[in-house]
Amino acid sequence: MEIALLLITIFLPLYIIWAIYDHFDKRNRLLKYIKKTLGDEDYRIIKSKKHYVGMPAPILTYLMGRPDKINENVDSENIYHHYLYGKFKNRLGNVKYKYRVTCLNGYVESFGDL
């Protein structure tokens, strides 16, 4: 019993501190890589947690989180992805979304409320 109490009181807080440090370390390395590859202006916008037209789609999902639903349309030359956020049910029980981001060939093309 004493060993279990010792483990909980010492190792659990140390593990939590390590997990927080690891999270921020990975975030800082990602932001440095973004600054190196995209440039200072895009880095400043991304660090302020705003999305913009022309942003790569993986960075969009990093900033806004995983979308509630993704619709895909493909034509002869382009691939469109519609990232839908803010899932809710209306009074009739139909599933609706509050916000949509449209990506064309992996880059944000437009965004706005629905």
With a 4.5 Å cut-off on side-chain heavy-atom distances among I, L, V, M, F, W and Y, is there a chain of contacts connecting [X] to [Y]?
{"X": "Ile45", "Y": "Leu63", "answer": "yes"}
{"X": "Tyr107", "Y": "Met64", "answer": "no"}
{"X": "Tyr62", "Y": "Phe24", "answer": "no"}
{"X": "Tyr80", "Y": "Ile70", "answer": "no"}
{"X": "Leu60", "Y": "Val53", "answer": "yes"}

If we ignore hydrogens and angles and just use 3.5 Å, is the side chain of Tyr43 paired with the main-chain N or O of Lys32 as donor and acceptor?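 It does not hold such a pair.
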Has the side chain of Asp68 got a donor or acceptor atom that lies under 3.5 Å from a matching backbone atom of Lys87?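 The answer is yes, because a donor-acceptor pair under 3.5 Å joins these two groups.
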Would you give the length of the straight line joining atom [atom1] of [X] to atom [atom2] of [Y], rounded to the nearest 0.5 angstrom?
{"X": "Met55", "Y": "Thr61", "atom1": "CE", "atom2": "OG1", "answer": "10.0 Å"}
{"X": "His82", "Y": "Glu109", "atom1": "NE2", "atom2": "CD", "answer": "8.5 Å"}
{"X": "Ile34", "Y": "Ile59", "atom1": "CD1", "atom2": "CD1", "answer": "4.5 Å"}

For atom OH of Tyr33, decide whether the heavy atoms of other residues, nucleotides or ligands shown that lie under 6.0 angstrom number more than 12.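 No.
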Close side-chain approach of [X] to [Y], heavy-atom, < 4.5 Å:
{"X": "Phe88", "Y": "Lys98", "value": "yes"}
{"X": "Pro13", "Y": "Ile16", "value": "no"}
{"X": "Tyr99", "Y": "Leu84", "value": "no"}

Looking at residues at least two apart in the chain, or sitting in another chain, which of them share a side chain to side chain donor-acceptor pair (under 3.5 Å) with Glu72?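 Partners of Glu72 by the side chain to side chain donor-acceptor pair (under 3.5 Å) criterion, ordered by chain and then number, come out as His81.
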Salt-bridge test for Asp40 and Arg44: reply yes if a basic N is under 4.0 Å from a carboxylate O, no otherwise.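 Salt bridge between Asp40 and Arg44, a charged N being under 4.0 Å from a carboxylate O: no.
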Parallel, tilted or perpendicular: which describes the rings of Phe111 and His51, with under 30° parallel and over 60° perpendicular?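 Correct class here is perpendicular.
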So which heavy atom on Asn78 is nearest to which on Leu104, and how close?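 For Asn78 and Leu104, the tightest heavy-atom pair comes out as CB-CD1, 3.4 Å.
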